[in-house]
Engineer: 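One structure, as structure tokens, below. Some questions next.
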Amino acid sequence: MEKLISLAKRRGFIYQGSEIYGGLAGTYDYGPLGIALKNNIKNLWWRMFVDGRDDMYGMDAAILMNARVWETTGHVAGFADPLVECTKCKRRFRSDHLEDKTKCPECGGALGPERQFNMMLSTKVGATEDSSATSYLRPETAQGMFVNFKNVVDSFHPKLPFGLGQIGKAFRNEITPRDFIFRLRELEQMEIEYFVKENDWQRAFEEWRVAMNAWLELVGIDRARTHEVEIAPEDLAHYSKRTIDFEFDYPFGQKELYGLAYRTNFDLSRHAEASKVDLSYFEEATGERTVPHVIEPSFGVDRTLLAVLLSAYTEDEMGGETRTYLKLHPRVAPIKAAVSPLLKNKPELVEKARAVYAMLKQEVPQIMWDDNGNVGKRYRRQDEIGTPFCIVIDFDTLGENPELLDTVTVRDRDTGTQQRLPVSELTNYLKTAIL
Ligand code: ATP
């Protein structure tokens with residue numbers, strides 16, 4: 001974990017939030033390569049689960065919502081974790097994460113009584129200071145979809161089953177943010193609310209279980225390190241009749257990556273009751289009016305990124321030296337290829353390399369120009385950030401060996417082997433690799 005955190009910082013993936021001021025616990029900032037990787041993950045998800053299906057509708061709800069939303073769902077009263085405080089050092093802990101609930105794990109002091117700590121971050125909206133202005137930064141994206149259920153039905157008249165999908169920030173005032181980007185106070189989620197007839201929930205649940213497994217494969221999470229954990233009936237949330245947690249073997253233990261829950265029709269029913277707006281669905285074929293039931297696949301963006309990086313992190317030996325590289329699938333790699341001239345002090349090589357770079361960048365934007373140091377060092381640096389291909393323009397490209405005119409070397413990150421490809425084939429080669 002330490003090695004990955006250090007690589008992520010050094011190479012521009014992830015920085016501590018507000019670092020120059022000593023940081024802000026539970027926040028991290030994504031740097032140039034981090035945001036590229038994150039965007040690739042989010043785009044892939046959107047393509048697979050929204051654009052790639054004809055029963056899904058995308059949306060983007062506001063982060064600030066009417067406080068009544070959270071009163072209705074029970075978040076104001078009950079979105080809480082159990083907290084204990086050390087009577088000596090005053091540090092606070094989540095008591096369900098402690099093995100010994102009587103002694104402070106930091107200083108050994110006695111722990112005080114357990115109380116429920118609400119994790120919603122509140123704020124004031126509008127130019128008044130009274131309590132009516134209280135609003136919350138959403139602790140999940142899900143509710144933005146439930147409150148828009150009727151809007152989408154009225155606009156598109158979708159047939160059941162259909163779903164809404166959304167990607168966005170959520171905020172939780174976690175008692176103990178920890179483990180890098182695993183437990184954050186500002187996080188990002190990719191969530192789906194899939195509406196079904198009640199008697200169809202088991203089929204839909206199974207379909208989404210399979211789809212979530214296909215996603216793990218697509219994004220390059222090591223399947224040997226993932227586990228489906230069926231939540232025992234006595235541990236289910238009050239609204240859920242079945243939940244599976246997808247867990248991952250992080251260096252700090254086997255912990256949640258994603259959740260898949262059957263939420264019955266709890267949310268829509270509660271919102272209908274509280275808002276007095278009819279949120280039922282009229283089935284023309286049968287003339288029936290019912291409140292649809294919901295299957296909810298829920299994915300954390302940051303935990304995805306962490307699991308992808310941990311799955312990709314590899315150390316091996318190449319050319320007699322140990323090397324560190326990220327074995328990212330080309331479809332998520334932040335840089336698809338680095339282009340460089342063999343020697344940077346030969347203007348004719350630089351000119352040709354610049355032309356190849358410009359041509360590729362138009363078609364495959366995540367291309368990097370890299371003429372620092374010698375070629376060997378460039379390869380190592382690109383390996384470390386997971387760039388699958390390094391393209392080098394040499395004298396043969398210029399026709400020193402006429403048979404090789406307009407060909408370049410393409411080095412493979414994982415094997416270190418090189419092949420020569422015509423410049424005219426590069427775009428297709430990269431486009432095929434990143435599919
Ligand atoms: P945990 O038990 O780890 O606190 P949770 O069960 O509260 O998680 P959910 O409410 O199911 O999590 O949230 C859905 C998804 O959002 C999780 O599967 C996870 O990927 C992500 N997530 C939740 N809380 C955090 C957090 N504090 N930091 C980063 N990601 C989070």
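Remember, it's 1-based here, ligands and their atoms both numbered in the order they're listed. Count residues from 1 along the sequence. The shown structure was predicted, so the numbers you read here are calculated from the model rather than taken from an experiment.
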Engineer: What distance separates Gln254 CD from Glu247 CD, expressed to the nearest 0.5 Å?
Structural biologist: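 Taking CD in Gln254 and CD in Glu247, the distance rounds to 4.5 Å.
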Engineer: Taking Asp383 as the fixed residue, which of Lys327, Arg378, Arg411 is the one that meets the side-chain hydrogen bond (donor to acceptor under 3.5 Å, both in side chains) rule?
Structural biologist: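 It is Arg411; the other options fail the test.
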Engineer: Search all heavy atoms of Asp235 against all heavy atoms of Ile231 and return the closest pair with its distance.
Structural biologist: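 Residues Asp235 and Ile231, closest heavy atoms: CB-CG2, 3.8 Å.
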Engineer: Mind listing the closest non-hydrogen atom pair of Phe146 and Asp267 along with its distance?
Structural biologist: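 For Phe146 and Asp267, the tightest heavy-atom pair comes out as CE1-CG, 3.4 Å.
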Engineer: Let me know which protein residues bring a heavy atom to under 4.0 Å of ligand 1; chain then number is fine for ordering.
Structural biologist: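 Within 4.0 Å of ligand 1, protein side: Arg172, Glu174, Phe182, Arg183, Leu184, Leu187, Gln189, Glu256, Leu257, Tyr258, Gly259, Ser298, Gly300, Arg303.
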Engineer: May I ask you to decide if the ring planes of Trp215 and Phe299 are parallel, tilted or perpendicular, using 30° and 60° as cut-offs?
Structural biologist: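 Rings of Trp215 and Phe299: perpendicular, as their planes differ by over 60°.
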Engineer: Which word best sums up how the rings of Phe149 and Phe162 line up, parallel for under 30°, tilted for 30 to 60°, or perpendicular for over 60°?
Structural biologist: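 Parallel, since the angle between the ring planes stays under 30°.
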